[in-house]
Amino acid sequence: MTFPKALDDFLAWLTATPVAVAIRENDVLFPWIESVHVLAIVLVVGTISIVDLRLLGWASLDRAVTKLMGDVLPWTWGCFAVAVITGGLLFSSRAPDYAHNFFFQGKMVLLVVAGLNMAIFHAVGNRDVAHWDTKPNTPRAAKVAAGISLTLWIAVIAFGRWIGFTLI
Amino acid sequence: MKSIDALCWWLEHTSVSQTIQSIDWIVPTVQTIHILAIAVVAASALMIDLRLIGVFSADRPMKDVSARFLPFVWWPLLVLLATGAIMITGEPARSLKNPAFMVKMSLLATALIVTLLFQFLLRRDPELGSAASRHRATATSIAALSMVLWTGIIFAGRWIAYYS
């Protein structure tokens, strides 16, 4: 895939910044940042799946949906912020290579779709939550959104792992 | 030849190992499953630990939180063991002769002992994790220790790739 010149210029600039150079040239910075990235993404996916399993009607059925979301999602968002920051740092170290990697591109698309799925669920599917908040069974729209979410996050992990095997 | 070298040599020449080495999608797929199982364990342990400290589901009894999440700390370990064994078989020296792998296994053993300690304490003190509990400080210590250990396990796991 060829990129517009402005994007190529940006990637070249990013990967020449002192932070990017330091991460690229230092022996231990990359693994340390990567470890934090893995910890963060693992907790993002683990905590989201807790909510998804409730929405599917498979687990935490004795807990109201809104209560569970209020308990779990702040931790999800906190970890997501850490994953984005550490991911950005890792990306900067070899920006053009990552940007041109198929699995990196795929991972970004999956993240956008996961975000849209969540936004649509909160705007539409979750609007009548008061009617089914404490019921073990959930409406079809909630189940569909949760199923899509779980599938997308599993794919995000898979694509992320494949980046490491395909980055030249 | 040291016995560990002999073991690695034998293992990597088995037909199972040869198969894992020759098909390129096996290792990334197995690693993906391994990470997903870790996601379940780490998030479940975190929910229990946060409840112990009192910053998660404080209106819900510890025993209910434990009943929901504790099985998800233990059962995925079987998946982790199986996928871990496949990775070791495919490239034995990468882990068996790796200090990061030894650290990871030691931390894992400690984390499991801490989890058992939590279960033992919960059985003796059903109020565990509440303000009324007599074991407030112990509960917080167990939670902090558990979070540090699981973080260490994930870090050491990633470092295996850099110590070969």
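For A:K143, the NZ atom counts as densely surrounded, since its 6.0 Å shell holds more than 12 non-hydrogen atoms of other residues, nucleotides or ligands. Summarising the local packing, CH2 of A:W77 is surrounded by 12 or fewer heavy atoms from other residues, nucleotides or ligands at distances under 6.0 Å. More than 12 heavy atoms of other shown residues, nucleotides or ligands fall within 6.0 angstrom of atom CH2 in A:W132.
Connection of A:F165 to B:W159 is established within a shared hydrophobic cluster, with ILVMFWY side chains joined at heavy-atom distances below 4.5 Å, either directly or through further cluster members. Neither B:I33 nor B:I23 shares a network with the other; the hydrophobic side chains, linked directly or stepwise wherever heavy atoms of I, L, V, M, F, W or Y lie under 4.5 Å apart, form separate groups for each. Both A:F102 and A:L167 belong to a common hydrophobic cluster when Ile, Leu, Val, Met, Phe, Trp and Tyr are linked at side-chain heavy-atom distances under 4.5 angstrom. Following chains of ILVMFWY side-chain contacts shorter than 4.5 Å, one cannot reach A:V113 starting from A:V124, and the two form parts of different hydrophobic clusters. Hydrophobic clustering (side-chain heavy atoms under 4.5 Å, transitive across Ile, Leu, Val, Met, Phe, Trp, Tyr) keeps A:V109 apart from A:V112.
In this structure, B:Y162 and A:F30 have tilted ring planes: the angle between them lies in the 30° to 60° band.
Contact check for A:R161 versus B:T29: no side-chain heavy atoms found under the 4.5 Å cut-off. Residues B:T32 and A:F159 fail the side-chain proximity criterion, which asks for heavy atoms closer than 4.5 Å. Taking 4.5 Å as the limit, every side-chain heavy atom of A:K67 sits out of range of all side-chain heavy atoms of B:S57.
Going from atom CZ of B:F72 over to atom CG of A:L53 covers 6.5 Å, rounded to the nearest 0.5 Å. Atom CD1 of residue B:I38 and atom CG of residue A:L43 lie 11.0 Å apart, to the nearest 0.5 angstrom. Residue B:Q31 holds its CD atom at 9.0 Å from CH2 of A:W162, rounded to the nearest 0.5 Å.
Annotation for A:I157 and B:L36: closest pair CG1-CD2, 3.9 Å, computed over non-hydrogen atoms. For the residue pair B:I154 and A:S35, the shortest heavy atom distance occurs at CG2-O, 4.5 Å.
Interface remark: B:W25 contributes backbone and side-chain atoms alike to the contact with chain A (heavy atom separation under 4.5 Å). For a residue to count as touching a neighbouring chain, one of its non-hydrogen atoms must lie under 4.5 Å from one of that chain's; by this rule A:W75 touches chain B with the side chain only. At a 4.5 Å heavy-atom cutoff, B:V41 makes no contact with chain A through either its backbone or its side chain. Heavy-atom distances place the side chain of B:L50, and not its backbone, under 4.5 Å from chain A. Contact of B:S44 with chain A is not made at all, since no heavy-atom distance falls under 4.5 Å. The parts of A:V72 that come within reach of chain B are both its backbone and its side chain, each placing non-hydrogen atoms under 4.5 angstrom from that chain. No part of A:I163 comes within reach of chain B, as not one of its non-hydrogen atoms sits under 4.5 angstrom from that chain. With a threshold of 4.5 angstrom between heavy atoms, B:I35 approaches chain A through its backbone and through its side chain.
Contact tally against chain B (heavy-atom pairs below 4.5 Å) for A:I154, A:I50, A:V38, A:V45: the top residue is A:I50. Annotation: maximal heavy-atom pairing with chain B below 4.5 Å, among A:V36, A:D27, A:D62, A:V42, occurs at A:V42.
A salt bridge between B:R60 and A:D71 is absent, with no side-chain N of the basic residue lying under 4.0 Å from a carboxylate O of the acidic one.
Side-chain atoms of B:R68 and A:S60 form a donor-acceptor pair, as typed in the model, at a separation below 3.5 Å.
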Apply side chain to side chain contact (heavy atoms under 4.5 Å, CB included) to A:R63 and B:D64, showing your working. CA-CA 10 Å; A:R63 187 77 171 160; B:D64 289 2; over 6 Å; no

